[in-house]
Amino acid sequence: MRTATLGPAQRAESLAAMAERELDVLVVGAGVVGAGTALDAVTRGLSTGLVEARDWASGTSSRSSKLIHGGLRYLEMLDFALVREALKERGLLLERLAPHLVKPVPFLYPLQHKGWERLYAGSGVALYDAMSMARGHGRGLPMHRHLSRSHALRVAPALKKDALVGALQYYDAQMDDARFVATLVRTATAYGARVANRARVTSFIREGERVVGARVQDVEAGGEYDIRAKQIVNATGVWTDDTQSMVGERGQFHVRASKGIHLVVPKDRIHSTSGLILRTEKSVLFVIPWGRHWIIGTTDTDWDLDKAHPAASSADIDYLLEHVNSVLSVPLTRDDVEGVYAGLRPLLAGESDATSKLSREHTVAHPVPGLVVVAGGKYTTYRVMAKDAVDEAVHGLDLRVADSVTEETPLLGAEGYHALWNARARIAARTGLHVVRVEHLLNRYGSLAEEVLELVAEDPSLGQPLQAADDYLRAEVVYAASHEGARHLDDVLTRRTRISIETFDRGTRSAREAAELMAPVLGWDKDQIEREVQHYEKRVEAERESQRQPDDLTADAARLGAPDIVSK
């Protein structure tokens with residue numbers, strides 16, 4: 001199968017092609033659910049388009065806890081169906097669909113009460129493992145184990161001795177959420193989907209009561225396109241209600257936004273060989289291994305302010321530090337925090353006032369002819385949500401359409417990944433890169449790493465790391481713009497790489513070097529390079545200012561000080 005290149009020329013071609021001929025399915029929104037829906041539709045043989053107002057995964061799908069998990073805490077809520085479904089998806093992703101992107105991760109659960117807690121929590125984790133194995137997709141992860149206090153402290157010396165009487169260790173999985181979505185989009189494109197980011201739906205086209213298309217604004221180049229489709233899928237997450245309002249329909253359900261924030265700290269600040277999962281009075285707190293860092297999260301609070309740029313307040317940061325420090329022998333301070341990011345969960349509005357109690361299940365509806373809406377759910381079960389959305393859209397097509405095949409369709413980069421991993425020492429010798437660099441590329445691109453290495457072969461200077469973010473090669477910045485649809489500096493530093501949260505300068509010291517690498521690919525002149533760098537610096541300063549504010553209202557006002565950039 002050919003790979004898909006998402007550069008500037010391909011984007012322009014896709015927009016023109018979508019406007020030229022009626023599609024079977026047009027998907028609005030390129031988070032994980034929208035991208036997954038496009039892949040599901042196109043692999044059933046349907047002509048498919050995908051439009052996104054900003055960048056792939058620029059909303060919720062780049063700001064998660066970056067876990068692929070069954071939802072251990074949902075067992076406690078007796079939501080066995082949701083856990084069973086999620087565990088199956090976790091296994092599929094680990095073993096078949098994306099082994100290059102989804103990796104096992106261990107978690108230590110400290111026990112604070114003798115006797116009953118080990119029995120209670122141990123029974124839950126045992127059931128979790130058993131449900132995973134029963135689906136036939138649990139072989140990729142070790143089984144849980146019980147640890148004494150002394151053993152637990154050898155695994156996680158950072159813990160206070162009086163913070164636990166013993167522990168359980170179990171496994172889940174993790175991924176880079178934004179990279180996963182970009183790979184989904186490219187996979188859909190490789191099978192024939194037409195895709196365009198920075199393409200905003202401004203209204204729906206109707207004939208009588210039926211929705212027959214969407215008017216799409218090219219945010220980059222200007223101009224509008226009328227894209228007609230037999231069925232449109234609204235997969236806009238926390239913007240679902242706003243999108244539905246364009247057809248004057250309140251819809252059959254509502255989506256409520258819950259804000260979750262995460263902190264990123266260097267690996268040496270917490271001495272442990274395992275992630276941690278801690279109980280709080282409201283939910284659970286994760287300390288997640290993340291390369292040379294830890295991710296600490298998350299919060300769970302109602303949010304009704306700016307959806308595009310949810311802001312983390314000083315109170316949010318203090319909440320996470322206070323709770324993680326309750327178990328650490330050497331407490332973390334604000335000075336230890338490299339990065340902070342905030343995201344919004346799209347929860348189905350229900351009876352509960354507490355967002356932590358709202359449903360993580362998803363819903364699909366057909367509120368008006370020609371328009372399907374899918375909402376709710378969780379990252380891990382995106383493929384099931386996408387399948388259900390396309391199944392619903394198929395009801396409105398006068399076609400015989402094949403069943404979903406995404407359970408058997410690996411993402412780009414998966415095929416050949418294990419063979420290349422086994423050959424990583426040879427690849428390192430051939431390219432002159434250190435084997436650790438090759439491993440880094442394989443775990444970000446899978447077998448597509450060969451395309452990145454081709455750039456290095458053509459220009460050896462691209463095999464050098466970025467000066468102020470040496471985890472990433474210069475070639476990765478070029479590849480993001482030439483192959484992955486990155487249109488702006490922010491796309492690269494925030495989503496194609498994670499420099500914006502993995503460096504204490506939040507990426508500002510890498511901004512100019514990255515912009516100059518992107519410029520030839522995207523046709524930027526010196527003025528545009530300057531605009532990109534200045535915009536990124538203003539964005540970082542606005543985020544820092546928001547994180548000094550005491551509450552959501554003032555944090556939101558501060559963050560809005562840096563508007564989104566557009567090409568000139």
Side-chain angles (χ1 to χ4, degrees), residues 1 3 32-33 35-36 39-40 43 61 64-72 74-75 80-107 125-145 169-177 179-188 190-191 274-275 288-290 377-387 403-424 439-449:
M1 186 184 74
T3 62
V32 70
V33 176
L39 177 60
D40 190 285
T43 52
S61 294
S64 73
S65 296
K66 310 189 190 328
L67 293 176
I68 295 292
H69 63 116
L72 187 57
Y74 299 119
L75 276 185
F80 299 113
L82 181 61
V83 175
R84 189 180 299 112
E85 181 179 80
L87 286 172
K88 176 190 174 184
E89 295 303 311
R90 184 190 72 177
L92 282 170
L93 289 163
L94 275 166
E95 297 169 21
R96 182 187 302 165
L97 303 183
H100 56 313
L101 301 176
V102 180
K103 305 293 180 183
V105 59
F107 285 103
V125 176
L127 178 59
Y128 194 63
D129 281 348
M131 290 172 71
S132 173
M133 295 298 290
R135 303 296 294 186
H137 293 291
R139 294 182 300 277
L141 296 177
M143 301 291 283
H144 76 282
R145 57 180 183 158
Q169 189 174 45
Y170 74 99
Y171 280 76
D172 257 320
Q174 71 176 162
M175 68 349 190
D176 182 328
D177 47 11
R179 170 144 303 283
F180 189 94
V181 174
T183 306
L184 267 178
V185 173
R186 289 188 69 194
T187 306
Y191 282 105
S274 174
I288 305 163
W290 181 254
K378 55 204 289 283
Y379 200 110
T380 303
T381 56
Y382 82 90
R383 193 192 64 81
V384 179
M385 295 175 68
K387 171 185 175 297
D403 291 337
S404 175
V405 296
T406 53
E407 190 171 322
E408 306 288 340
T409 306
L411 302 193
L412 285 185
E415 187 176 351
Y417 161 71
H418 292 299
L420 289 173
W421 181 259
N422 293 340
R424 61 194 184 279
E439 290 175 351
H440 162 88
L441 293 176
L442 289 172
N443 284 330
R444 281 170 53 75
Y445 306 95
S447 55
L448 296 183

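Hydrogens, waters and symmetry mates are skipped; everything else that's a heavy atom, side chains included, is used.
In this structure, Asn443 CG and Arg179 CZ are separated by 11.5 Å, a value rounded to the nearest 0.5 Å. Between the CG atom in Leu94 and the CD atom in Glu89 there is a gap of 11.5 Å [rounded to 0.5 Å]. Here Ser404 contributes atom OG and Asp40 contributes atom CG; the two are 3.5 Å apart, rounded to the nearest 0.5 Å. Separation of atoms OG1 (Thr381) and CD (Glu85) is listed at 5.5 Å; rounding is to 0.5 Å. Note that CG of Leu448 is 10.5 Å distant from CG of Leu442, once rounded to the nearest 0.5 Å. Taking OG1 of Thr406 as the start and NZ of Lys387 as the end, the distance is 8.5 Å to the nearest 0.5 Å.
Judged by distance alone, the side chain of His100 and the main-chain N or O of Gly416 form no donor-acceptor pair under 3.5 Å. Remark: side-chain polar atoms of Ser61 are paired, donor with acceptor, to backbone N or O of Val32 under 3.5 angstrom. Using a distance-only test at 3.5 Å, with no hydrogens or angles considered, no donor-acceptor pair links the side chain of Asp129 to the main chain of Met143. Between the side chain of Thr187 and the backbone N or O of Leu412, at least one donor-acceptor pair lies under 3.5 Å. Checking side-chain atoms of Gln174 against main-chain N and O of Trp290 turns up no donor-acceptor pair under 3.5 Å.
Side-chain atoms of Gln169 and Pro106, non-hydrogen and from C-beta on, do get closer than 4.5 Å to each other. You'll find the side chain of Leu411 reaches within 4.5 Å of the side chain of Thr183, heavy atoms only. The shortest side-chain heavy-atom distance between Lys378 and Leu82 falls under the 4.5 Å cut-off. Contact check for Val181 versus Tyr382: no side-chain heavy atoms found under the 4.5 Å cut-off.
Partners of Asp177 under the salt bridge (charged side-chain N to carboxylate O under 4.0 Å, His left out) rule, at least two apart in sequence or in another chain, are Lys66, Arg498.
Shortest non-hydrogen contact noted between Ser64 and Met175 is OG-CE, 4.3 Å. Counting all heavy atoms, side chain and backbone alike, Ser274 lies closest to Pro289 at C-CG, 4.5 Å. Closest heavy-atom contact between Gly377 and Met385: CA-SD, 3.7 Å. Closest of all the heavy-atom pairs between Thr43 and Val405 is O-CG2, 3.4 Å. For the pair Ala35 and Leu184, the tightest heavy-atom approach, listed with the atom from each and the gap, is CB-CB, 3.8 Å. Residue Ala173 comes nearest to Val102 through the heavy atom pair CB-CG1, 3.8 Å, listed as atom of the first residue, atom of the second, then distance.
Salt bridge annotation for Lys88-Glu407: present, with a cationic side-chain nitrogen under 4.0 angstrom from a carboxylate oxygen.
In this pair, Trp421 and Tyr417 present their aromatic rings tilted. The plane angle is within the 30 to 60° band.
Within 6.0 Å of CG in Asp403 there are 12 or fewer heavy atoms belonging to other residues, nucleotides or ligands.
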